[in-house]
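Worksheet for the structure shown next.
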Number of protein chains: 2
Amino acid sequence: MDKSILFNKLVSFSASVHRVTYELTKDVKPDSITHVQYKILENIAVSQPVTPSEINDCMQMSMPNTSRELSKLSEKNLIEKISDDKDKRKQYIHLSSDGEILMNEAFASIEARFLERIQNATPEDLKDIERAMDILQSKLFSP
Amino acid sequence: MDKSILFNKLVSFSASVHRVTYELTKDVKPDSITHVQYKILENIAVSQPVTPSEINDCMQMSMPNTSRELSKLSEKNLIEKISDDKDKRKQYIHLSSDGEILMNEAFASIEARFLERIQNATPEDLKDIERAMDILQSKLFSP
DNA sequence: CCTCTTATTTATCAATTGATAACTAAATCA
DNA sequence: TGATTTAGTTATCAATTGATAAATAAGAGG
């Protein structure tokens, strides 16, 4: 097995993933928030509660910028901060009810596009897709 | 097969792909160009020659902004433009020799990280990975 | 030839993002 | 207790990016 050929496949594969991700998520972000803010909300949505520090690790931002964007999200009533009882320096951030609504709508619209995309797939296709994602997840994309 | 479960898998799968892509490509961009400029060079590298119009379709930019960034890349001697003989409005853009060197180095460093990542994979693992990518490419990520 | 469309450029401006320094407040440690 | 580290904030500034209007210049169609 030539690993260089595999690498080339990975390049075109990840280009495809990025393109499809783009198509599925296109325009789901409301105009009231910026792209970075939407990404932060996505991050919070899938792993809430999170601390600001965790956010800037995942998102590759600096603390001051993360803090600024979180403040803006807070002003827009999309997130809530609660400070840790034990260590009062820490904060736990989670979506507010408005934030939950916003992200639920976003995910619902992404899912609808996904279902459209796989509407013609047979049950065996779906099984194949599921198995293929499991394989890559465990053999190539696991930490 | 529950399609909603499959959708959830896709969400976490694409998050993994994006994270690994980030790790593989981290810091390969030289400081002399911006992120967007690097992305444009990547785009040109994999499908040269391209026209400015094709670039802004792929990259979701507006023509004026594409034009500006291409001019900057041209000033930095990373790309060359040649206009079509038949239709003189059109231009074909390709990497200059400096641009080729830059992108070759970038890809070499990405490939080295990839090889490191799969160094402990068995030949069967590699076959599995390859097959899984083929399946997803054809059943989920094809246009 | 005259209009219309296509491909690209130039210019300009606002918004977003990134980077840095300096700060507060709470925890840890010695 | 006092020094140091950790978590997060505030303020500021430059760079990047996005958006829009208006121009050029070549092809296409009647």
Side-chain angles (χ1 to χ4, degrees), chain A residues 18 22 25-44 47-76 78-94 102, chain B residues 18 22 25-44 47-76 78-94 102:
Chain A
H18 282 78
Y22 172 76
T25 58
K26 185 176 179 178
D27 300 331
V28 297
K29 175 189 86 57
D31 288 341
S32 54
I33 58 176
T34 70
H35 186 247
V36 169
Q37 286 164 8
Y38 176 76
K39 282 291 170 191
I40 291 176
L41 287 183
E42 247 183 22
N43 187 300
I44 297 172
S47 49
Q48 56 185 328
V50 285
T51 65
S53 308
E54 287 167 347
I55 292 176
N56 53 33
D57 287 349
C58 293
M59 311 263 316
Q60 285 300 123
M61 303 178 65
S62 64
M63 270 296 270
N65 294 334
T66 303
S67 178
R68 176 185 58 202
E69 298 308 322
L70 288 175
S71 301
K72 289 183 185 167
L73 288 170
S74 202
E75 278 167 29
K76 296 176 202 222
L78 295 171
I79 62 171
E80 277 161 10
K81 308 176 178 182
I82 38 180
S83 46
D84 188 354
D85 279 344
K86 300 207 166 176
D87 186 340
K88 286 177 188 165
R89 293 168 308 178
K90 283 190 187 166
Q91 293 183 347
Y92 294 110
I93 295 170
H94 59 99
L102 190 156
Chain B
H18 282 78
Y22 171 77
T25 58
K26 184 176 180 177
D27 302 329
V28 297
K29 174 191 87 55
D31 289 341
S32 54
I33 58 176
T34 70
H35 186 246
V36 169
Q37 286 164 8
Y38 175 76
K39 281 290 170 191
I40 292 176
L41 287 182
E42 247 183 20
N43 185 300
I44 297 172
S47 50
Q48 56 185 329
V50 284
T51 65
S53 308
E54 287 166 346
I55 291 177
N56 52 35
D57 286 350
C58 293
M59 311 262 316
Q60 286 300 125
M61 303 177 65
S62 65
M63 271 297 269
N65 294 334
T66 303
S67 177
R68 175 185 59 201
E69 298 308 322
L70 288 175
S71 302
K72 289 183 185 168
L73 287 171
S74 202
E75 279 168 27
K76 296 176 203 224
L78 296 170
I79 61 170
E80 277 161 9
K81 308 176 178 183
I82 39 180
S83 46
D84 189 354
D85 279 344
K86 301 206 166 175
D87 185 342
K88 285 176 189 166
R89 293 168 307 177
K90 282 189 187 168
Q91 292 185 349
Y92 294 110
I93 294 170
H94 60 98
L102 191 156

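Nothing here was measured: the structure is a model prediction, and the numbers come from that model.
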Roughly how many Å is it from CD in B:Glu69 to C1' in C:dT9, rounded to a whole number?
14 Å
OP1 or OP2 of C:dT17 versus the side-chain N and O atoms of A:Lys72: is any pair under 4.0 Å?
no
With B:Gln91, which residues qualify under side-chain hydrogen bond (donor to acceptor under 3.5 Å, both in side chains), at least two apart?
none
Atom CD1 of B:Ile33 and atom C1' of D:dT16 are separated, to the nearest Å, by 14 Å
Shortest side-chain distance from B:Val36, nucleotide among D:dT17, C:dT17, C:dA7:
D:dT17
The side chain of A:Asp87 is closest to which nucleotide in this list: C:dA7, C:dA27, C:dT10?
C:dA27
Okay, side chain of B:Lys29, backbone of B:Thr34: is any donor-acceptor separation there less than 3.5 Å?
no
Counting only side-chain nitrogens and oxygens, does A:Gln91 get under 4.0 Å of the OP1 or OP2 atom of D:dT9?
yes
Between B:Ser62 and D:dT20, does any side-chain N or O lie under 4.0 Å from OP1 or OP2?
no
Taking OP1 and OP2 of D:dT24, is either one under 4.0 Å from a side-chain nitrogen or oxygen of B:Lys88?
no
Starting from P on C:dA7, measure out to NZ on B:Lys86 and report it in whole angstrom.
17 Å
Please tell me which of A:Arg89 and A:Asp31 maps to the more 5' nucleotide of DNA chain C, matching each residue to the nucleotide holding its nearest heavy atom.
A:Asp31
Which distance, rounded to the nearest 0.5 Å, do you find between the NE2 of B:His94 and the CD1 of B:Ile79?
9.0 Å
Nearest-nucleotide wise, let me know which of A:His35 and A:Asp85 is further upstream toward the 5' end of DNA chain C.
A:His35
Could you check B:Gln60 against A:Asn65 and say which one's nearest nucleotide on DNA chain D is further toward the 5' end?
A:Asn65
Quickly work out the B:Ile79 CD1 to C:dT8 C1' distance and round it to whole Å.
13 Å
Is it the case that the side chain of A:Thr66 and the backbone of A:Ser62 share a donor-acceptor pair, with hydrogens and angles ignored and the cut-off at 3.5 Å?
yes
Atom-to-atom span, CG of A:Asn56 to C1' of D:dT9 - whole angstrom:
13 Å
Tell me if a side-chain donor or acceptor on A:Ser71 pairs with a main-chain N or O of A:Ser67 at a distance below 3.5 Å.
yes
Among C:dT17, C:dA19, D:dG18, which nucleotide has an atom closest to any side-chain atom of B:Arg68?
D:dG18
Look at all strands and tell whether B:Thr66 reaches a base, only sugar-phosphate, or nothing, counting heavy atoms closer than 4.0 Å.
nothing
Could you tell me how far apart A:Lys90 (NZ) and C:dA25 (P) are, to the nearest whole angstrom?
20 Å
Could you state the atom-to-atom distance from CD1 of B:Ile93 to P of C:dA7 in whole Å?
14 Å
Considering just the side-chain nitrogens and oxygens of B:Thr34, establish if one lies under 4.0 Å of OP1 or OP2 belonging to D:dT17.
yes
From OH of B:Tyr38 across to P of D:dT17 the rounded distance in Å is 15 Å
